[in-house]
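Below you'll find the structure, written out as structure tokens, and then a few comments.
What you see is a predicted model, and the numbers here were worked out from it, not measured in a lab. By convention in this document, chain letters (A, B, ...) are assigned in the order of the sequence lines, proteins followed by strands, and residues within each chain are numbered from 1.
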Amino acid sequence: MLSFATRRLVLSVPTLLFISFVIFMLLQLAPGDPMAQVPLTVPAEVKQKMREALGVGEPALVQYWKWLVQMAWIEPKVFIDWLTRDSWLLGWLPDTALYQGELRVISWQTRSPVMDIVIQRIPQTLWVVGVAYVVAILIALPIGIYSAYKQYSVFDQAGTFVTMIGFSVPPFFTGPLLIVIFAVIAQDTWWLPVLPSIYDTTHEVTNWSSFKYQLQQMVLPVMVLALQITAQLSRYMRASTLDNLNQDYVRTARAKGLSEKIVVLSHVVRNSMIPVVTVIALGIPSIFGGAIITENVFKVNGIGQLLITALFANDLPMVMTLTFIFAVLIVLFNLIADILYGVLDPRIRYD
Amino acid sequence: ERGSDGEVKIIYWQAPSILNPFLSGGTKDVESASMIIEPLARYNEKGELVPWLVDEVPTVGNGGVSADLTTITWKISSGIKWSDGSDFTSADVKFTYDYCTHPEGGCAQLTKFENVESVDTPDANTVVVKFAGPTPNPYGPFVGGESPILQAAQFANCLGAAASTCTEQNFNPIGTGPFVVDEFKPNDVITMSANPNYRDPAKPAFAKVTFKGGGSAAASGTAVMETGEFDYAWNLQLAPDVIAKMQEGGKGTPVAGFGPLVERIMLNQTNPDPNLPEGERSTAMHPHPFLQEPAVYKAMSMAIDRPLLVEIGYGQAGKVSCNWVPAPAAFASEKLSCDTQDIEGAKAMLDAAGIVDSDGDGVREHNGVPLSILYQTSTNAVRQDFQALIKDWWSQIGIETELRNIEASVFFGGDAGSPDTFQKFYADVEMYANTFNGTDPQAYLGNGLCDKAPRPDTQWQGENISRFCMPEFDALHAELTKTADMAERARIGRELNDMMVENGGMIPLVHRGRLSAHANSLGGVVLNVWDSELWNVADWHRIDG
Amino acid sequence: MLDTTDTTTPIARIEKLRVEFETKDGTVVGVEDVSFDIAPGETVCVVGESGSGKSVSSLSLMRLIDYGGGDIANGRLLFDRKDGGEVDLAKTDQSLMRTIRGNEIGMIFQEPMTALNPVFTVGRQLTEGLRVHRGMTKAQAEERALELLREVRIPEPERRLAQYPHELSGGMRQRVVIAMAMACKPRLLIADEPTTALDVTIQAEILALMDRLKRETGTAVMFITHDMAVVAQMADRVVVMFRGNKVEEGSVEEIFENPKHPYTQALLAAVPKLGEMTGKDLPEPMKLLGHEDQPIVPITGSDEVLLTVEGLTTRFPVKGGFFRRTVANVHAVEDVSFKINKGQTLSLVGESGCGKSSAGRSILRLVEPLKGKIDLDGTDVMALSPAKLREARREMQMIFQDPFASLNPQIQLADQVAEPIHNYGTHSGSDVMDVVGNLFDRVELPRSFMRRFPHELSGGQRQRIAIARALALNPKLIVADEAVSALDVSVQAQVINLMMELQAELGLSYLFISHDMAVVERVSHNVGVMYLGRIVELGPRRAVFEDPRHPYTRALMKAVPIADPRRRKSEKDLNFKPIPSPIHPLDYKVEPSQYDEVSPGHFVLTTDSGY
Amino acid sequence: MTEPVASSPAPIEALKDIEPSKPPRSQWKDVWDQLRKHKGAVFGMGFLVFITLAVLIGPYIYTVDPQKLDIRNKDFRPIYTAIWDGDSKVGWNKPLGSDQLGRDNLAQLIAGGRASMAVGWAAMLLSLVIGTFIGVVAGYFKRLDGPLMRLTDLFLSLPILPLLLVAVTLFRQPLRANFGPEGGMFILIVTIIAITSWMPTARIVRGDVLAIKEREFVLAARSIGTTPGRIIGRHLLPNVLSPIMVSAALGLATAIITESALSFLGVGFPSDFPTWGKMLADAVVRMEEFPERVLLPGIAISLTVLSVNYLGDGLRDALDPRIRGR
Ligand SMILES: Nc1ncnc2c1ncn2[C@@H]1O[C@H](COP(=O)(O)OP(=O)(O)OP(=O)(O)O)[C@@H](O)[C@H]1O
Ligand SMILES: Nc1ncnc2c1ncn2[C@@H]1O[C@H](COP(=O)(O)OP(=O)(O)OP(=O)(O)O)[C@@H](O)[C@H]1O
Ligand SMILES: [Mg+2]
Ligand SMILES: [Mg+2]
């Protein structure tokens, strides 16, 4: 297993290099200009000067090489420094001080290191998208299992219907709808809870009431996101459970006199989870990718929102870095999904 | 009393990405920074200059501006302190000049310092700006939100190429303004608190500011007027019926102000035919087959029902306009009028010019070329509604229109490789809005000069988007640059304006104002379109609403 | 235990059982009318062909049929509970059933691999029942589980507890399943085809094991099988079922020696019995009830050699390590040589994993042999290019073991049979369907089946389709890889006869791969016994069966159950060594196979074969 | 002990195989019969036929031009609102009301459906073709598996927006020249949606092919000389139909929604060319006043997706002879 993992990890390096190169070239080809948001009142010569200061005019390969060095060599140094200096995890280690002030990947919009902003955004994204994912899993799995157990029952039919609806309505519809209901209409009613429509990213959880507020402001975006994820996951869980319910070992388990609860929840679910867990793992990169539309609707300034603003501002270093991180996560979670498969299913042995 | 009114929450649907306006130039960045760093003088809501960090605005009359119009001397008020407690001196002002004009700095506000020869500091409170030649409008440098003063001590190491390594400075500039940055989360939120060293001990009334960025205009309008989560929302570019609906929420009020912003249709004077070889398309080499024909562009203009456009698209934030320069009042020409639609008149005019539908397909031809127009603009709900309406009207007078909308970052981006930028203008007509800063339109009027046309050898850069070219216009503009007398300048300006519009450089549509909304409980808001909207944030306070 | 039970009252009585299934197409009757008793300490064998309702009866007794969509429409299932009371299981509710299931009635299923949950350890699955029914703690249950594993004679029981099912061999898995069923000392044990999926040697062991356990604990056993030889070995009494009904019941001797019902008679006639061919040189078709009129003609074949295989070696690389390099090899076929004459049959016998299939596939180059010489009627198969090889495959075809898996479920039968014809373009247009029709006639299937799908056919019919497909190209050699192993006895006999008929008519040569000694005895001219990739004994069938020389051959012969209740084997006779692993490191030196010719054409391996 | 059973079968019959009782029927009739039994599939098919006919024939019956502005009759409510709100602005000439420029909602819904359905189906089919192809090839040819799966990773991480912008820059002009502004954009959008959404299908198909490849009938096909191409076409593809069906249902939904998100971002069809997604996106700001403008296209999208899903379920069962036989 270890050898399998390391092998895959090492093999993923050229893959990622290739992916990063393709993305870089794609972004180079894409039309757009970091100066697009500078008002029209600023004359062309000035814009040209500003572009030069950002290094836009250099040949693409040079730019790519610079980015690569910064991303693969300098940023890790900064990260290690940060780990050993400020983090609670490894802060007790002596400060490594590897970073000597070399040029880092600098965003064109903010003129600050891209990674700093990314790190700043991760908590919001994890809170909202991550919680939505967890909520969705917690809802989807029981629904999937129960629909499969009672196949073609009313519950199953209704579940199919609702999940399909959940899948087919886009978040730019559900989002504003929920805002209208819970933030606008709710103000004039006594029976609807009033919920914030704008996510406060500076909010800090320090006590019970601030925690409550945090929950309140998360409810709407989490609902919108969870609806979509639940829809897909419960379908997978249902299919997988159906497959396993007909297996011989289920009959064996019943023949032993085990109760239905144990038969289903322990024997069947444990097996049905194998493909579903990998589906879940493969979906995790999308958490980090954020949910562009939902984040936008609720002003959750997470990674997705960062990416979309960077795209519109043609902030290539930012876009490039975010997409690359995303690619890394995809490749990584592919690997993790494979490993999980091996862990969950004792029949599978890598090597 | 300072800090007595608690917290104020401001929402901009575009999020500030940096608090140093010299490195960005984006309105969101300039305005958010204006709460922290300030210029020597700024414009008020009427477009008049008011002293800010100085005692009075230098003029020729009070001797602050030399008679030959080559120097201007600013006297800094005494007792002004930076938020860190140190004194604000003329050295900081000079530093700001050095900072922006450094050749490798990529300063966005370089035009402010155009023509400046030197900035001298005879003493700690005096700043002397010398221009290379007579400058009738010497209020470029250090005036207005785009040109605030940076603290020399803080930015000393950030000159030139080092500018982008100064993240800490760019995110937390030390200023003289009413607030200081507590935390800046780029593209997200800024938290600020009252500046303890602010010059007026009674201000600002708010102890804290939360400046949220991002989302959409609709959502920020809702947040102020319907849910009351925020106190101030900037630039609500929404259809009037939507605004009206939000206003029913009863939590806030929209306010509008008018600057020189005009929504217009630019008419391509050159031929954008895709069959022309690359490099000749949309250049002066090939004149447009019919758009230079007066009957055509006049008819196109007559067919438009401008009051309806205002009603549909801008409501109280729009006025019918036939002018390129609708403000300030002195420069606004009154010669042209266009507030009634005249479809029949337009048809008659085309018929009279012999531009008729000869093959019966409903589209008129001019010299055998059908009047088929590709009409592009940036993606934006109101603009798309305008496109639909105008297409409809034009079709009524026998002009066929194909609509195209382009993502704003591409459309307004200057990527020479993209065929979709507004400068390349690979279309017959395009719609967008433009304006100028301050109150003097000289540079703006220069956008009609022949040699400002974008073309391959300028990398498609240039402000003369419609490739308008008239020797008379160029000559008249040259005269403007030499004239100092205000009344005379205004007359020339109006004439240039009329020349452009009458000769088919553009079809002005709507004089757009800016519409922002504030909570009913927020007092002291004075909408200013000539400077940062947040120019008087020090005066904002809480009222019972 | 034996003495506490009153032997006269039966432990379970099935009375007029009728089970129905609600399906989309209406009600399907699984069991129509079945009644029989099981007395304490007795083994009742239920026999019958596939689909006759054996499993349904047993599942009804466990009331597991409810979960399969079945409904006990009629009848009583009386079970004598330990505390004396007699309950009608047909009316018991599921919660009471749970206390009976696994506790008072244990059940063993057919497929040892799928009957165990692949993701739980053997230990966990063994202790589950104990903890539920006996309220044992984890430690107690594990102790008892260990005891059980010892009882079923699993080597290294301590280690097994922590292992997962897939880490055990088929025989061991089945022992675990038996241990599981016996865990709570049930008074009735239901075994639904417990040995069908196993090798002869392992089958012999498992049968012996069950016999011993039954004797030791006095458990009553309901033993379901379709293998008459197994019945002869195990049964006290036999119940014969046919299409949902009981057609005959009697003591094992009665049934075997004096079958009354025509179905039983036919069934017994179809069972090949080891030793039947003693004294005959040539194979001949079986005498089947209803086909008595057909003359039995021995098949002579010819002396012309069709296929010569020399030194055939096939290895599968085992990859590992960081660079995925080959770290070891599975020595599946090791230096195998033989000849097949035109019109004759060579059989390869041996236990699972000894390399029979690999050898067969290597000849068609469906797997690439490492080295060796394959000469098919003058063509050097090993030297062929892919295109030529495809041509050469017209001459040799294959029939696979599993008739369910070897036909594409999505394609109509006629098209499946026509596929090779299309592939080689031997016929075109309407000719194709004529040829296919003739092939259907050949394998004695009505032409009305042509438009049907595989799932609509029984196993034997499917296998005939597979044969028709193999015949479509008029091959000279057919490799029949366990072609009859998955079939019911009666069907098996028909398919064997069909194959022999075709051989006589068309002069086909077969490479017949099987683990069933009785069948092999019936069909072969020559026999090769394989062990660990090598042929340990090769020669004319008569020589090998009547005078086995190699110790492995002898052990194998001994293990084969004989369909005669008077010739039962006891556990003492059995002594098998576990088969060593065929995986060897890269630098492993293989000795060439050396043979001793004990009689003309009868070779015995002298190289150390590991047995 | 043994009583001979009364109806004792003759020995010959005893060993004879049971023939299938039902007479053989044509395969497609069978499929159709099975499909008809599936209630969901019938509903799905019914709705799909209805909606397809509506968008195809609708414009000939309801001849109002969807792009026709009628500014004096703007902001009409659907006629049914008159039932509970007598004062609402309704008119029989605008059965489902009109938008802020007076365009007729019903006509737009019909025209929008045409575009959305066309984009949805075309993109879904194209993405299925790509996904299935890549999946099958990766699963069947071991050597291509690694590279193709890495390619899948690459496409998973490609950001759709820049990709679209690049495609628009590079291909809009030639496509517009050849297919007109709407046709060109249609091709572009369909292609982009397809090439950014085939990856899940490819992954699932690959997994299934890997499993089916090990089944004996594939080996059997090889031994009777079937070429790899035919093995894939005849033996593998029909057996991976069910995951493909599931992908199809989800793919249609994704395609319709992605198209709307694209027009939302301004890189889609010309702005006066209605699609369901765009109608919905445009109406979101006026959701409180004119809920029908979001609900009508929203419901249309959801119902279409739902019917495709049910139809896919039904077809999957009907096309599988094992299930059909039962
Ligand atoms: N779940 C089910 N649904 C419908 N019919 C069923 C079901 N299970 C069994 N049957 C039917 O019941 C009959 C008896 O099946 P059963 O499994 O008992 O046969 P069997 O004698 O055990 O055969 P085998 O030797 O193949 O195991 C068969 O005709 C079968 O079609
Ligand atoms: N494709 C393969 N890759 C690796 N090992 C294989 C492969 N095919 C077979 N083997 C191994 O080669 C050995 C011989 O297998 P083979 O299938 O030929 O045995 P067999 O005698 O036909 O057994 P059975 O009766 O179970 O079919 C076994 O140990 C098996 O695990
Ligand atoms: Mg059975
Ligand atoms: Mg085999």
### Residue D/Tyr310 versus chain A: region with a heavy atom under 4.5 Å
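Contact with chain A is through the side chain of D/Tyr310 alone.
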
### Message
Can you tell me how far apart CD1 (A/Ile19) and CG (D/Leu156) are? Round to the nearest 0.5 Å.
### Response
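Separation between the atoms: 9.0 Å.
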
### Query
Under a 4.5 Å heavy-atom cut-off, does chain D meet the side chain of A/Phe18, its backbone, both or neither?
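Just the side chain, heavy atoms under 4.5 Å.
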
### Query
Any chance OH of A/Tyr236 has more than 12 other-residue heavy atoms, nucleotides or ligands included, within less than 6.0 Å?
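Open: at most 12 neighbouring heavy atoms sit under 6.0 Å from OH of A/Tyr236.
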
### Query
Counting only heavy atoms not in A/Phe161, do more than 12 sit closer than 6.0 Å to its CZ atom?
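Count not over threshold, so no.
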
### Result of checking A/Leu16, A/Ile330, A/Val22, A/Val331 against D/Leu154 for side-chain contact (heavy atoms from CB on, under 4.5 Å)
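The single option meeting the side-chain contact (heavy atoms from CB on, under 4.5 Å) with D/Leu154 is A/Val22.
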
### Task
Quick one: closest heavy-atom pair of A/Asn334 and D/Asp153, and the distance?
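Heavy atoms of A/Asn334 and D/Asp153 come nearest at ND2-OD1, 2.6 Å.
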
### Pick from A/Leu322, A/Leu282, A/Leu11, A/Leu27 with the largest number of heavy-atom pairs that fall under 4.5 Å of chain D
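Heavy-atom pairs under 4.5 Å are most numerous for A/Leu282.
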
